[in-house]
Amino acid sequence: MKGGSGGGGGVAPAKRRWRGLAIAVLFLVVLSMLVPLGFLLGLHSGFHSAGHIPLQRPSPSGDRSSHIDNLVRKLGPTLPKDVLKGFVNEAKNETSSINATPRTEQKKGIPIPPQVVMQPFTSKNISRINGKAKMKSDVDESEGFCDLKYGSYCIWREENREEMQDSMVKKLKDQLFVARAYFPSIAKIPAQSKLSGELKQNIQEVERVLSESTTDADLPPEIQKKSRRMEAVIARAKSVSLDCNNVDKKLRQIFDLTEDEANFHMKQSAFLYQLAVQTMPKSLHCLSMRLTVEYFRDHLFDKELSEKYSDPTLQHYVIFSNNVIASSVVINSTVVHARDTVNQVFHVLTDWQNYYAMKHWFLRNTFRDAVVQVLNIEDSDSYGKATLSHLTLPVEFRVSFPSNDSAPAIHNRTQYVSIFSHSHYLLPEIFKNLEKVVVLDDDVVVQQDLSALWSLNMGGKVTGAIEICSVKMDQLQSYLGDHSFQKHSCSWMSGLNVIDLARWRDLDISETYWKLVKEQVSMKEGSALLATLLTFQDQIYALDRVWVLSGLGHDYGLDIEGIKKAAVLHYNGNMKPWLDLGIPKYKEYWKKFLNHEDQYLSECNVNR
């Protein structure tokens, strides 16, 4: 019994071991089938379906955000940051909301719109909202896609696209050009008489509109309908079989007419440019008239300081001008930078038309301790023979010459040489008690103290001036004729000149000048230049070039550091700082010496 029962007890454990192994094998078989099935059904968190990117379970707080950042970096080369900005913010918001929900709800993925992943950018699926590029949901694939190899070029192009000014006017001109080319050939075909009539009618309508409109704002409200009708008629005309030679001939005729029209407008613009240069702006004319009227209304405070006007121990500055604002800027800039203004006396020589305006302006405006005298150079009762029939300002000559012998004409260098006018030769008679004066043109701005000029030893020369060695005497041969000058000697300019009146009187410079003017009366253009250069031959003391920087009225390429260091800025050239034509980047050095709070300047719109 014991042996039998012992044998039965050994068999039972063996059966149980085989049964456990069989269950384990069966479990492994089932598991090996479930794992692939799980991948096929998309249950594994690493599997991505099309258009759907589930995120990993965000057990740590930063896992989900880091996963989104990785997603953005992956899509970065094709999707710019401004397009994905809204999507990333939305994803982060949803991340924070998921972290606050039970874990059973955190298995939800964040769907990405299919067009963001699958669709390249086009000009059609980009809209501009508040200046930024946004995606459009409706995409017109017929327009074609941007080439993805250019990255985000499409977005950049949309953000930086410049709006065409007056696009409708330009479109109408193009349509008119094409319609005129087809009309003669269509008109010769009897079967196309109706089309010819419509084409002619549309041409006349567009011509009438363009004759009354130069900008889109001037166009009538129904212009869109007219443009569509013209476009439809042109399309019908293009569908007609025509002799291409006729159309080509007509296009060439229109091209020639257009070229002639362009030449006309070029000449007209040149004329208007010269007109703007040589005439006084409306705002300055308004200021002169207002000041003149106010002078006769109230001139009780008109007082003269005659004892200072003729004191030879003081520093006397002379300005020839018919421009109230220009002369005021010269005086103000000189006084602002002067160490001592008690000894400064300014003499403004003007004409009858501007005399009272100048007088009233300088009586109602003070310039520290300096005094200002306004003189009418046309007043024969006061100055007798030392008068002219009209005021003449410094004369400017435009000189163009090649930078080198082989340079084409288009690369010619241009200089504006300013010289003394007839009025300058009256100085010894007008200021009989003075021995030395400094003459300033009204187109200069002073940036440093000028007192050093009064202690200048000119070695017996009559006048000190800035020499322009970029313009030699031989380059002025067309103005000088056959008169002999040292060929390579430098020319000189007005603008800032120190004049020894005592030496001037000794050499009788004025008489020499008037004789030369009479001799050169046949030379209308260059007589003043020639007479001045001959009169002051060997009588010029060359001032240091650091005193004056010229060219601010015509040269766009001046060095800004050089402008800041110069003692005097000379706006020689056509583009004066008080004109709309003035070079904008140089105007600020002139405008800062205006009194922007003055009532008359504001009322006449001079402070622009």
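Not measured: the values here are computed from a predicted model.
The distance from atom CD of Gln274 to atom OG1 of Thr279, rounded to the nearest 0.5 Å, is 10.5 Å. Here OG of Ser328 is found 8.0 Å from CG of Leu601. Values are rounded to the nearest 0.5 Å. Residue Tyr589 holds its OH atom at 8.5 Å from CG of Leu552, rounded to the nearest 0.5 Å. Atom CG in Asp598 sits 9.5 Å away from atom SG in Cys604 (nearest 0.5 Å). Annotation: the span from Tyr556 atom OH to Ile583 atom CD1 amounts to 5.0 Å, rounded to 0.5 Å. With rounding to the nearest 0.5 Å, the separation of CZ in Phe183 from OG in Ser196 is 4.0 Å.
Contact between Asn323 and Ser321 at its shortest, heavy atoms only, is N-OG, 3.0 Å. Residues Ser418 and Glu396 share a closest heavy-atom pair of CB-CG, 3.7 Å.
Residues Asn572 and His554 form a side-chain contact, since some pair of their non-hydrogen atoms from C-beta on lies under 4.5 Å apart. Between Arg398 and Gln415, every side-chain heavy-atom pair lies at or beyond the 4.5 Å cut-off. In this structure, Ile234 and Gln175 have side chains that are in contact, with non-hydrogen atoms separated by less than 4.5 Å. Looking only at side-chain heavy atoms (C-beta outward), Val178 and Asp174 stay at 4.5 Å or farther from each other. For the pair Cys490/Ile468, no side-chain contact is recorded, criterion being any heavy-atom separation below 4.5 Å from C-beta on. For the pair Val329 and Leu594, the minimum side-chain heavy-atom distance is below 4.5 Å.
Although no hydrogens or angles enter the test, the distance criterion places a donor-acceptor pair under 3.5 Å between the side chain of Ser211 and the main chain of Arg208. Remark: side-chain polar atoms of Asp441 are not paired, donor with acceptor, to backbone N or O of Val444 under 3.5 angstrom. Between the side chain of Lys576 and the backbone N or O of Gly582, no donor-acceptor pair lies under 3.5 Å. In this structure, Tyr586 contributes its side chain and Asp555 its backbone to a donor-acceptor pair below 3.5 Å. When atom types are taken as modelled, the side chain of His596 and the backbone of Lys591 share a donor-acceptor pair closer than 3.5 angstrom. Proximity of a side-chain donor or acceptor of Gln192 to a complementary backbone N or O of Ile186 within less than 3.5 Å is not detected. When atom types are taken as modelled, the side chain of Gln447 and the backbone of Ala566 share a donor-acceptor pair closer than 3.5 angstrom. Judged by distance alone, the side chain of Asp351 and the main-chain N or O of Asn354 form a donor-acceptor pair under 3.5 Å. A donor-acceptor pair is defined here as one N or O able to donate and one able to accept, closer than 3.5 Å; such a pair exists between the side chain of Asp559 and the backbone of Gly562. Side-chain atoms of Ser213 come within 3.5 Å of backbone atoms of Val209 as a donor-acceptor pair (strictly under, hydrogens ignored).
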Run Gln268 and Tyr273 through side-chain contact (heavy atoms from CB on, under 4.5 Å) and show every step you take. CA-CA 9 Å; Gln268 187 182 49; Tyr273 173 82; over 6 Å; no
Evaluation steps, side-chain contact (heavy atoms from CB on, under 4.5 Å), between Val445 and Tyr571: CA-CA 8 Å; Val445 170; Tyr571 289 81; 3.9 Å; yes
Pair Leu172-Val169, side-chain contact (heavy atoms from CB on, under 4.5 Å): steps then yes or no: CA-CA 5 Å; Leu172 291 174; Val169 171; 5.6 Å; no
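Counting non-hydrogen atoms of other residues, nucleotides and ligands closer than 6.0 Å to CD of Gln165 gives a total of 12 or fewer. Under a cut-off of 6.0 angstrom, the local environment of NZ in Lys200 is sparse, with at most 12 non-hydrogen atoms contributed by other residues, nucleotides or ligands. Crowding of Lys173 atom NZ: a count of heavy atoms from other residues, nucleotides or ligands under 6.0 Å not exceeding 12. For Lys170, the NZ atom is densely surrounded, since the number of other residues' heavy atoms within 6.0 Å is greater than 12. No more than 12 heavy atoms of other residues, nucleotides or ligands sit less than 6.0 Å from atom NZ of Lys565.
Donor-acceptor pairing under 3.5 Å is recorded for the side chains of His570 and Asp443.
At a threshold of 4.0 Å, the pair Arg229-Glu198 does not count as salt-bridged, since none of the basic side-chain nitrogens sits closer than that to a carboxylate oxygen. Of the charged side-chain nitrogens involved, at least one lies within less than 4.0 Å of a carboxylate oxygen, so that Glu207 and Arg180 count as a salt-bridged pair. Salt-bridge formation is not detected for the pair Glu205/Lys225: no Lys NZ or Arg NE/NH1/NH2 atom is positioned less than 4.0 Å from an Asp or Glu carboxylate oxygen.
Of the residues listed (Asp442, Leu391, Thr392), the one engaging Phe320 in a side chain to side chain contact (heavy atoms under 4.5 Å, CB included) is Leu391, and it is the only one.
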